[in-house]
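Working notes, structure below.
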Protein chains: 2
Amino acid sequence: MIRRTTLVEEVYRVLRDMIASGELKPGEVLVQDQLAEKLGVSRTPLLHALRLLESENLLIRSNTHRVSVRQLTLEEAIVLFEMRESLESLACRYLTPIIAQEDIDRFRRDFTLAYEKKNVEEYRKADTAFHLFIAERCPYLDLRTVLARSGFMTKCLIKGLVRPPEETYEEHLEILRCFETRNPIGAEEAMRTHIRRTVERLKLLRDSHGALEG
Amino acid sequence: MIRRTTLVEEVYRVLRDMIASGELKPGEVLVQDQLAEKLGVSRTPLLHALRLLESENLLIRSNTHRVSVRQLTLEEAIVLFEMRESLESLACRYLTPIIAQEDIDRFRRDFTLAYEKKNVEEYRKADTAFHLFIAERCPYLDLRTVLARSGFMTKCLIKGLVRPPEETYEEHLEILRCFETRNPIGAEEAMRTHIRRTVERLKLLRDSHGALEG
DNA sequence: ATTCTGAATACTGAATACAGAATACAACAA
DNA sequence: TTGTTGTATTCTGTATTCAGTATTCAGAAT
């Protein structure tokens with residue numbers, strides 16, 4: 001089936017990518033006319049897209065209605081990860097009865113290949129794809145939406161891996177094992193543990209960073 | 001300070017209220033021209049508001065770009081409550097060090113008065129205000145946003161109390177005690193227990209409802 | 001009677017125009 | 001020199017128009 005799309009969706013996607021890539025910088029004020037000209041559209045779909053991104057807290061509006069790219073603090077990133085800790089583990093519980101074996105196999109293979117080759121970039125990609133998959137395949141719209149957005153936002157701030165493959169590889173395998181044995185509670189707890197450790201690493205980073213600045 | 005607002009915000013608010021009140025019915029298809037005329041605005045701010053509500057999953061867009069009010073199933077409401085179970089308890093953890101004693105006192109008084117007078121409507125109002133307060137006062141934007149939206153959505157489907165005051169009154173007092181003694185972990189667990197029991201009640205309702213239909 | 005096709009009508013997305021508010025700058029007064 | 005005021009310019013929110021698409025209806029073909 002042909003899926004009807006709109007310019008708004010396209011502009012929204014492009015702007016998101018520009019934020020994620022850093023082309024639009026945190027704190028940068030967006031001027032509608034300039035941006036519309038740059039993207040080759042009128043202000044109408046652009047304004048729609050800006051409002052949507054604002055509604056997702058990626059953009060911030062001042063009292064004078066100037067829109068800027070949100071500056072996400074490490075503290076806020078930690079909160080996002082804490083939210084993901086419970087939401088993504090909930091998603092794993094829901095996903096366990098329905099995830100296809102071929103997906104489980106694919107992720108296990110991707111993680112293992114990258115890990116054994118000590119290819120951190122490949123491992124990072126597998127990591128990102130895995131978490132993205134869990135969000136996208138979650139069978140409930142509301143949870144799917146929140147996971148997608150919080151995942152995107154933490155990715156904007158934190159490029160690369162918080163913890164190295166040596167730490168996370170076995171955790172990923174454990175989650176996959178629970179999927180495979182169709183153990184929802186196990187999958188939920190395995191994912192919770194996985195992300196909680198990342199949260200704790202971020203808190204360590206925050207605290208050492210704070211000590212440097214203090 | 002005077003806060004600048006827009007027609008979009010106003011239309012958004014009115015539409016949300018119309019959905020919550022049932023004036024716009026689940027499944028109802030919204031026609032932009034008619035609705036704009038009814039609200040006394042042009043289609044422009046209306047269209048913006050519709051997109052925002054769609055982005056929050058309150059409205060659903062078909063492939064032909066017709067927008068209708070989302071029909072939320074009991075299963076989906078349960079998922080929303082499960083999300084709230086962990087997110088609202090997380091918010092309680094964050095809120096515990098900063099919540100003002102006068103707010104604690106006010107909620108305790110409101111719950112107690114309504115409970116002792118056996119006034120279920122007053123109790124329901126105190127209940128709603130309490131949960132709304134926790135969402136609104138959460139010091140982190142992203143969590144605040146998700147809580148506000150999931151709270152609104154569950155309220156649209158589930159009018160009134162899931163469980164009676166006799167069950168929840170003591171649970172509310174326990175949360176307030178943890179706030180008062182500045183015990184974040186206690187507050188988090190007390191709220192988690194409170195909502196989990198509600199989740200379990202909803203699952204019972206779902207399962208008995210399923211049996212009737214089965 | 002049923003199905004198909006084309007035209008008319010209704011609806012939506014995007015562009016453009018207009019009005020009001022915000023900002024920048026120059027001139028004037030103290 | 002500094003502070004205030006007035007004016008010009010820029011920017012944003014909203015209304016309107018236009019073009020494209022979806023839906024409905026009537027007539028023709030089977």
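Computation of the quantities below employed the complete heavy-atom set of this structure, encompassing side-chain atoms and omitting hydrogens, waters and symmetry-equivalent molecules. Protein chains get the first letters and strands the later ones, always in sequence-line order, with residue 1 at the start of each. Keep in mind the model is a prediction, meaning the values are calculated, not measured.
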Quick one: the side chain of A:Arg51 and the base of D:dG13, do they pair up donor-acceptor inside 3.5 Å? no
For D:dG13 and A:His65 - does any side-chain N or O of the residue sit under 4.0 Å from the phosphate oxygens OP1/OP2? yes
Among the candidates D:dT12, D:dT23, C:dA15, find the nucleotide nearest to the side-chain atoms of B:Arg66. D:dT23
For B:Glu9, what residues pass the salt bridge (Lys or Arg N to Asp or Glu O under 4.0 Å) criterion, not counting sequence neighbours? B:Arg3
What protein N or O atoms touch nucleotides 6-8 of chain D N or O atoms at under 3.5 angstrom, if any, and at what distances?
none

With a 4.5 Å heavy-atom cut-off, do A:Asp110 and A:Phe130 have their side chains touching? no
Which one, D:dG13, D:dT16, C:dA14, comes nearest to the side chain of B:Ser42? D:dT16
Scan for salt bridge (Lys or Arg N to Asp or Glu O under 4.0 Å) pairs involving residues 68-82 of chain A, sequence neighbours excluded, and state none if there are none. A:Arg70-A:Glu76, A:Arg70-B:Asp142, A:Glu75-A:Arg206, A:Glu82-A:Lys203, A:Glu82-B:Arg93
Check this one for me: any side-chain N or O of A:Gln32 less than 4.0 Å away from OP1 or OP2 of D:dT10? no
Considering residues at least two apart in sequence or located in another chain, which fulfil the salt bridge (Lys or Arg N to Asp or Glu O under 4.0 Å) criterion with B:Glu28? none
5'-most contact on DNA chain C: B:Val31 or B:Thr44, nearest heavy atom basis? B:Val31
Which nucleotide in D:dC11, C:dT12, C:dA15 has an atom nearest any side-chain atom of A:Leu7: C:dA15
Nearest-nucleotide pick for A:Arg43, side chain only, options being D:dG13, C:dA15, D:dT14: D:dG13
Where at least one partner belongs to residues 59-68 of chain B, residue pairs that pass salt bridge (Lys or Arg N to Asp or Glu O under 4.0 Å), sequence neighbours excluded: B:Glu54-B:Arg61
Any residue meeting side chain to side chain donor-acceptor pair (under 3.5 Å) with B:Arg124, in chain and number order, not counting sequence neighbours: B:Glu121
